[in-house]
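Worksheet: one structure, shown below.
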Amino acid sequence: MTRQERAVRTREALIEAAAQLFDRDGYEVTSLAAVTAKAQVSAGALYFHFATKADLADAVTHAALSRLRRIIDARTATRTDGHGHGHGCGDEDGGGGAVAHTAGGAEGERVAGAGSPAPGSPASGSPDPGSPASGAGAGAGGDRVGELQQLIDTTHLFVRGLSRDVVLRAGFGLDGAWGERPVGERAVEQGPVGRGAAGRRVGGDRPPGRWPHVGGALRGVWSGWVHEVLTVAGARGVLASGVSAGDAAVVVVAATVGFEVLGAQDPVWLAPDPLTGFWTLVLPALVPPPVREVLRAGGSTAAH
């Protein structure tokens, strides 16, 4: 192993260890000595990469931001592939356990409500929007339905990522508390969808009048993406009569950010059922019956 490879691994180990401790004990309580002990590296190695605890927290938040973008990009790639297949994503930050790769596994059995089959499930009789039997991927109507299924699927990937990936979870926890630290102490790349100029304060500027502030750059990226997807869906005439894209996005963002916040206190909020129940309740008000019949509240196969 080269010196550069060792340095990369040491940095990754420090980020992972810090994320675990920040998530478990909180930023203020966690000491750098505890981080080095958990990462099994020397204090000198830590200070080679991070001058202060704030710098280490920045690195955790940046790694979480990278993983959040991969959650979003994973479903966007699936939607742009005419055959409904997703594209693999590399682990940019190298922190291990990339969220884009957590979609598989047995977790995520879908429960659409009190004994009712999830739309698109075998028991419902309606096809999976991502399958050839459905309208999705077959003409303009299927593409319109696919936009909303993309949103549902991505919310499931998001909540599952928070449940399984401590770096993502710790990053959101740190990012949401940015106001408790000095303005110049933290900086995360931020813009309307998180791709603006680097060096802005966490929870930095947003386009005026576009969507409500949600606190922190990561939540801002998530909120911006949800608003944009629903804006496209609204422009394509998928939403029910009288439903605005902005109002729908506020509901979805409030619910998913709520799962993130509550999940930090009790992991049951990050299980599949609460989110599936949310979509089961919301879809009848959000879209007309023909669209609702082919949407899967528990996520399509692409989300699992």
Side-chain angles (χ1 to χ4, degrees), residues 68-69 71-72 75-76 79 112-113 116 118-120 129 135-136 140-159 162 172 175-176 190-196 203-263 269-270 272-300 303:
L68 174 62
R69 286 177 178 161
I71 291 175
I72 294 170
R75 285 301 297 132
T76 302
R79 284 282 301 118
S116 301
D143 286 343
R144 287 159 46 209
V145 172
E147 288 289 341
L148 287 177
Q149 191 62 60
Q150 173 196 3
L151 175 61
I152 295 168
D153 288 354
T154 306
T155 62
H156 279 280
L157 291 174
F158 172 62
V159 169
L162 288 168
F172 267 91
D175 191 41
Q190 166 73 338
V193 290
R195 289 180 170 84
D205 298 335
R206 63 181 172 88
R210 285 194 64 188
W211 51 75
H213 181 63
V214 287
L218 276 75
R219 291 177 186 167
V221 170
W222 176 250
S223 175
W225 181 82
V226 170
H227 276 80
E228 289 172 359
V229 170
L230 282 167
T231 297
V232 171
R236 292 182 177 181
V238 183
L239 302 181
S241 176
V243 175
S244 74
D247 289 345
V250 166
V251 172
V252 174
V253 170
T256 50
V257 170
F259 288 136
E260 174 246 315
V261 173
L262 292 169
W269 289 100
L270 302 179
D273 290 357
L275 181 59
T276 298
F278 163 76
W279 282 115
T280 301
L281 289 171
V282 166
L283 284 175
L286 185 64
V287 297
V291 175
R292 186 170 70 248
E293 289 173 1
V294 295
L295 291 175
R296 303 187 73 167
S300 71

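To the nearest 0.5 Å, atom CD1 of residue I71 and atom NE2 of residue H156 are 13.0 Å apart. A distance of 5.5 Å separates CG in L68 from CG in L218, rounded to the nearest 0.5 Å. The CG atom of L162 sits 12.0 Å away from atom CG of L262, with the distance rounded to the nearest 0.5 Å. T276 OG1 to L281 CG: the interatomic distance, rounded to the nearest 0.5 Å, is 11.0 Å.
Here salt bridge (Lys or Arg N to Asp or Glu O under 4.0 Å) pairs that include residues 252-262, with residues two or more places apart or in two chains, are R219-E260.
Counting heavy atoms from C-beta outward, T155 and F278 have side chains that stay 4.5 Å or more apart. Two residues are said to be in side-chain contact when any heavy atoms from C-beta on lie closer than 4.5 Å; V229 and T154 fail this criterion. Residues V251 and L286 fail the side-chain proximity criterion, which asks for heavy atoms closer than 4.5 Å. Two residues are said to be in side-chain contact when any heavy atoms from C-beta on lie closer than 4.5 Å; R296 and I152 fail this criterion. Looking only at side-chain heavy atoms (C-beta outward), Q149 and V294 stay at 4.5 Å or farther from each other. For the pair L151 and E147, the minimum side-chain heavy-atom distance is 4.5 Å or more.
By the side-chain contact (heavy atoms from CB on, under 4.5 Å) test, A240 is found to be paired with V243, P288, residues two or more places apart in sequence or in another chain being considered. Contacts of A245 classified as side-chain contact (heavy atoms from CB on, under 4.5 Å), with partners at least two apart in sequence or in another chain: L230, T231, L239. Under the ring-ring contact (aromatic ring centres under 6.0 Å, His included) criterion, W222 pairs with F158, W225, sequence neighbours left out.
Shortest non-hydrogen contact noted between A297 and T280 is CB-OG1, 3.5 Å.
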